Amino acid sequence: MVDVKSFLRDYATKQSLFKNKKFLQSNYIPKKVPYREEQINQIAGILAPSLRMERPSNLFIYGKTGTGKTLAVNHVVEQIAEVAQEKKLNLKVVNLNCKLKRIADTEYRLVAQISRELGQDIPPTGLPTDEVYKIFVRHLEKEPTLLLLVLDEIDEIVKNTGDKILYNLTRLNTELQNSEICLIGISNDLMFIDNVDPRVKSSLSEEELVFPPYNAIQLQKILRERAMLTFDKSIIGEGVIEKCAAYAAKEHGDARRALELMRVAAELAERNNAEKITVDYIDTAEEKIERDRVVDIIATQPKQFKITLYSILHVSDEYKKKNSSDFYTGDIYENYKEYCLKTGTKPLTQRRVGDIIAELDMLGIINARVISKGRYGRTRHITLGIPENIITKVTTMLREGLGL
DNA sequence: CGAGATTCATGTGAAGTATACCTTTAGGCTTAA
DNA sequence: AAGCCTAAAGGTATACTTCACATGAATCTCGTA
């Protein structure tokens, strides 16, 4: 690939493996959602009153990741929005993922973000939270509106900030004169609603829906369908679809994962000038997805998190050389302080670093388990949660990012 | 030898602080009549 | 006098610190067999 130009020329003339890539992309909403017809009909039934400008029952949806919850809701909501537009109804849809860091992960930020989606700007900080509610309500009341508020991964925000926020949201309707809000909560955590104030629970889940995982056969069918749209039949190697499905079925039937796996495998095949997607590419794809996920998470973390993580990697490496793989919060903190000195960063307290370690655990980058070592105190036992082959890459990335 | 007390290193909760950013308000300046 | 700009005042959310207490099993202590 010495000559970039000729590479690019080749690339432009070469036949792509993809007929049309968009069918495998995660934001694609298919016309038909296989094995979810029943749920879609139910959702449609529940939300249909909105087209008469009556507030539908609040809806709560459970199911593991990649079981089509978000997809099904989007599918219905999109069509409701279309019909509403035809009929010139003032119906608005706001779709938010509560997991998005720094966008919708606190009560203030969530309400502010909803307002922004509705075209009402709200500063990122500085206002009292109830003032933000007021602005939001005022904006909504300007003209009679029916708002369908879809809150994806709603369990995340409650985990972070408590269930007060749900109470406030459900209570909002009683304050509104002209407008109405219908809440649609989506949760990956099946246990989630049990830990919520019963009053909130009853009003939030007026209707409930559970999405079961797909099984391997269903996954295969889904994959095959999408693959037909995306590739020529001849390109897909033997057993590719089966293997993708099997991988995903292992992970509680996560369809999103299966589709991503196939897309990435195809991209890799294409980059290798391969004529066919073979089973081998799936393993490589699996690796690449994991790597991208980790790299992506780490890249978006604040500096202190990076330094902490770098310390963890460093300490882990040193201990491995010494053949003692166990290390704890204290070890990390000592090391962390050194790196702060080197990078000219003001060290945080151990209290805070402990919290950061807990948060890194939540992100799945490390595993930190609180253990008691009896006489020798209590601490977090830390192990790396990322595969061996990614560690080096992550380490260099962090080192460069921190200027070490 | 075993039950109960002790101990360690840090977990964890609450309350306080620093920072960044917001709105409101009052004073000072400019401008137009 | 009205209008506009600026700076100060007063207020909030968030990230972090400080303080104080909680934890829980390995180890120690000491009475008992």
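Predicted model only: the values in this text are computed from it and were never measured.
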A.B. asks: Step by step, would you call A:D283 with A:Y247 a side chain to side chain donor-acceptor pair (under 3.5 Å)?
C.D. replies: CA-CA 10 Å; A:D283 291 317; A:Y247 255 121; 2.8 Å; yes
A.B. asks: Rounded off to whole Å, could you give me the CD1-to-P distance for the A:I357 and B:dA9 pair?
C.D. replies: 17 Å
A.B. asks: Look up atom CD1 in A:I382 and atom CD1 in A:I371, then write down how far apart they are to the nearest 0.5 Å.
C.D. replies: 10.0 Å
A.B. asks: Calculate the interatomic distance between A:I122 atom CD1 and B:dT23 atom P; express it in whole Å.
C.D. replies: 10 Å
A.B. asks: A:D361 CG to B:dT10 C1': how many Å, rounded?
C.D. replies: 16 Å
A.B. asks: Within this structure, what is the CD1-CD distance for the pair A:I357 and A:Q350, rounded to the nearest 0.5 Å?
C.D. replies: 8.0 Å
A.B. asks: Taking atom P of B:dT12 as reference, at what distance in whole Å does atom CG of A:D355 sit?
C.D. replies: 9 Å
A.B. asks: Would you please classify the geometry between the A:H314 ring and the A:Y339 ring as parallel, tilted or perpendicular, with 30° and 60° separating the classes?
C.D. replies: perpendicular
A.B. asks: Please find the earliest and latest nucleotides of DNA chain C, in the 5' to 3' direction, that have an atom within less than 4.0 Å of any heavy atom of chain A.
C.D. replies: C:dG11 to C:dC28
A.B. asks: Counting only heavy atoms not in A:I217 (residues, nucleotides, ligands), do more than 12 fall under 6.0 Å from its CD1?
C.D. replies: no
A.B. asks: Calculate, to the nearest 0.5 Å, the distance between atoms CG and CG belonging to A:L147 and A:N90 respectively.
C.D. replies: 10.0 Å
A.B. asks: Rounded to whole Å, how long is the line connecting atom CD1 of A:I135 with atom P of B:dC22?
C.D. replies: 12 Å
A.B. asks: Rounded to the nearest Å, what distance is computed from the NE2 atom of residue A:H381 to the C1' atom of nucleotide B:dG11?
C.D. replies: 16 Å
A.B. asks: Round to the nearest Å and state the distance from A:I332 atom CD1 to B:dA9 atom C1'.
C.D. replies: 15 Å
A.B. asks: Any side-chain N or O of A:R380 less than 4.0 Å from the OP1 or OP2 oxygen of B:dG11?
C.D. replies: yes
A.B. asks: Looking only at the side chain of A:R351 (C-beta and beyond, no hydrogens), which of the listed nucleotides B:dC22, B:dA14, B:dG11 gets closest?
C.D. replies: B:dA14
A.B. asks: In whole angstrom, what separates A:R375's CZ from B:dA5's C1'?
C.D. replies: 11 Å
